[in-house]
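Step one of this worksheet: look at the structure below.
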Amino acid sequence: MRLTLAALFLAAAAPLALAPASAHQAAAPVSGKPVPKDQLLKPPANAVHYVVVSDAGKHGDQWRWQLPDGRTAYRWSQELRGWISEVDQVVTFGRDGLPAAMTVRGVTMTGDAAETFSVKDGKASWTSTNDSGSAPARGYYLPAGGIGLGSELLMYRLAAAGEAGVDLLPSGKATMRLGPTLEISGPRGPRTVQLAWVRGILAAPMAVWLDSDKRYFADIGGISLVPAGYEGAVKAMRERQEAATAAEVKSIAQRFLTPAARAPVLFTNVRLFDSERGRFIEDQSVLASDGKIAAVGSLAAMSVPAGTRTIDGRGKTLVPGIWDAHMHIGDDWDVLANTANGLTSFRSPGTDLPRAIDATKRRKSGELLMGEPFISVIIDKKDPLAAQGSLVVSSEAETIANVRRIKDAGLWGVKFYTSMNPAWIAPAAAEAHRLGLYVHGHVPATMKPSEAVAAGYDELTHLNFVVMEAMPKAVVDKSNTRARMEGPAKYFKDVDLDAEPMKGFIAELARRKTAVDPTIVIFEGFLTQDGGTPAPAYAPYMGIISPVLDRSFRSGGYPLVEGYTRDDYRKSYANMVKLIGKLHRAGVPIVAGTDGWGIELVRELEIYQQAGMTPAEALQSATIVPARVVKADRRTGSIAVGKEADMVLVDGDVSRDLGALRRVVTVVSDGYVMDGDALRTAAGYSGRPK
């Protein structure tokens, strides 16, 4: 998912382990527990106050104030669907306006937030569980974690620096380009704010809003950070921001989606993946013309039009366009990056209606370079724990009305969420099926997954909601909180997959052909990682996106629950991997999804191979199987004559190494032939993944 500036510093903050230092004085790093909430700094009544909000409501608060000794203090308090973040941060600025010392304490959804930074004798030093190191103090320290509002001074310096930019510590350089202005209203009356784009932190530009003095004002996205009282301005700011993004990305789409790019193309000497039969075939040729597959097989038997472009695939594998079955539509830069990674189709299980309609329309018009989306919209009960971006309902009638609203928007499915009233699922699912909509989602609290399937679910989203069948009632009843992660982490290691209730439940899923979207790569990161080394999903992308993300790729896993160890979590994760193998062998359809940025998809497949799938079976879960699930397999999902020309040429032998899928050479989407390196450059990458 697309990270906003706030999300980079907050929700995506790396879990940093450092014992608390009294009153935020510098201290040597030692292992210890996160500083508890009651020991964190408390903002005074006159502190500058920001709120963390989404369309679902308010999720948290951030404050800034000055301490008596002149240091700047920040505080963050948030609960997002049960995930708790309680953090404080204190910064000492030097005479040059750069951070000279910084400490961060508390806890986020990814664990201990503690981090230290200091400058002494011209040398900068930092410590986190992601990394530790030192360098000449020649830049603005960008913390691995920290608080979103704490980036305000960096934004001010970037606005003042112009094209010269600002050097970052530990490494990298950021620049800012100013965009359009907007008049908004708030508690102090009308004011002018300005959109700006920051490069050098992520692969693509990051949006931030400045006030009339070029100081940080707000960060707008799916979750926004705005001054208290300006919540009403979020919609207008988002619309202006999305329009500006669309204008920039439109020019990129027009560079790739040209008539010349759709001219006939012939791939020769390729190792072809036949997804229908689940096999790799050597020394094949494939001809595409007018957006369709025109011929497959021996080159000698083909009639190739004069002037056809030829691409030699010797040493390479040609596979159908890759699907990510669980990837929320981010902003326009996100979907561009996904295309660069070979994702020509995807399911977006939870996109708000306006974004879904707009993105689909612009893709059809050629203004947005994006794979074909199959979009479902979240419906959740009105509740403090309701999903952000969801359609919130308060009755069965409202639930059914919103199912019809989704159908009227021309979308693909309905996704129910964890705070839904279980009694509303069956009638709403029945209406969805009557209208031809797909039904999937999280399992509502108090409801077992077997009950959700009986009520009409076509698919269970996330493997932990399959696991929930064997969880204690106390976990099931609170599955709309962090219990949905902590319960499986604690208890699943002791669940016998060959005994009840899992044995019978697996058989029932197979009998009904209920699909499962495991997103197991999430649980690998949450349950197995200690921090300090790159997670397997991200290691191949180190060094090609940004130095800032390189640090986040080393983040640790989900915080340990009292009385449990990381080894306990790893054992539960190992049993989850075994469960995928059991589901597959029983005949349960598995669709590969990430619930991430898309770059995790190949790792998802590698884990399926660990679970017992062959490389061909794993790749089917990201090609023909999701195409069948969305009932699009007659036109896509495999390389066959008459089907749409959705293909990816990758460097290497996928039959022996699924990791070769990361090394995208050529992408063919709807018949448009695009160079993988050029796509990555347009998306902000500096090279190919390893």
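Owing to the predicted nature of the structure, the values given are computational and were not obtained by experimental measurement.
For residues 91-103, no residue pair satisfies the salt bridge (Lys or Arg N to Asp or Glu O under 4.0 Å) rule, not counting sequence neighbours. Within the structure, ring-ring contact (aromatic ring centres under 6.0 Å, His included) contacts touching residues 220-243 (residues at least two apart or in different chains) are F217-Y230. The list of ring-ring contact (aromatic ring centres under 6.0 Å, His included) pairs with a residue in residues 95-119, not counting sequence neighbours, reads F117-Y141.
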Hey, mind stepping through W209 and Q241 against side-chain hydrogen bond (donor to acceptor under 3.5 Å, both in side chains) and telling me if it holds? CA-CA 9 Å; W209 287 85; Q241 181 174 307; 2.9 Å; yes
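Within a 6.0 Å sphere centred on NZ of K42, other residues, nucleotides and ligands contribute more than 12 heavy atoms.
When every heavy atom of P34 is checked against every heavy atom of G106, the shortest pair comes out as CB-O, 3.5 Å. I522 and D595 make their closest contact through CD1-CB, 3.5 Å (heavy atoms, listed as atom of the first residue, atom of the second, distance). Contact detail for W333 and V249: the closest heavy-atom pair is CE2-CG2, 3.8 Å.
Under 4.0 Å is where a charged nitrogen must lie from a carboxylate oxygen, and between K473 and D477 at least one such pair does. Salt bridge annotation for D69-R71: present, with a cationic side-chain nitrogen under 4.0 angstrom from a carboxylate oxygen. Under a 4.0 Å N-O distance rule, the pair E79/K37 does not qualify as a salt bridge.
Under the ring-ring contact (aromatic ring centres under 6.0 Å, His included) criterion, F553 pairs with Y538, not counting sequence neighbours. Listed by chain and residue number, R355, R362 satisfy the side-chain hydrogen bond (donor to acceptor under 3.5 Å, both in side chains) test with D332 (two or more places apart in sequence, or in another chain).
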Which pairs of donor and acceptor atoms, one on a side chain in residues 167-179, lie under 3.5 Å apart (sequence neighbours left out)?
unit_1 : atom_1 : unit_2 : atom_2 : d
K173   : NZ     : A164   : O      : 2.9
R177   : NH2    : E248   : OE1    : 3.0

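Ring geometry, F526 versus Y558: the interplanar angle falls from 30° to 60°, so the pair is classed tilted. Ring geometry for F465 versus H442: interplanar angle of 30 to 60°, hence tilted.
For the 3.5 Å distance criterion, the side chains of T103 and Q89 fail to qualify, holding no donor opposite an acceptor. H326 and T461 form no side-chain donor-acceptor contact under 3.5 Å, judged by distance and modelled atom types alone. E152 and Y50 form no side-chain donor-acceptor contact under 3.5 Å, judged by distance and modelled atom types alone.
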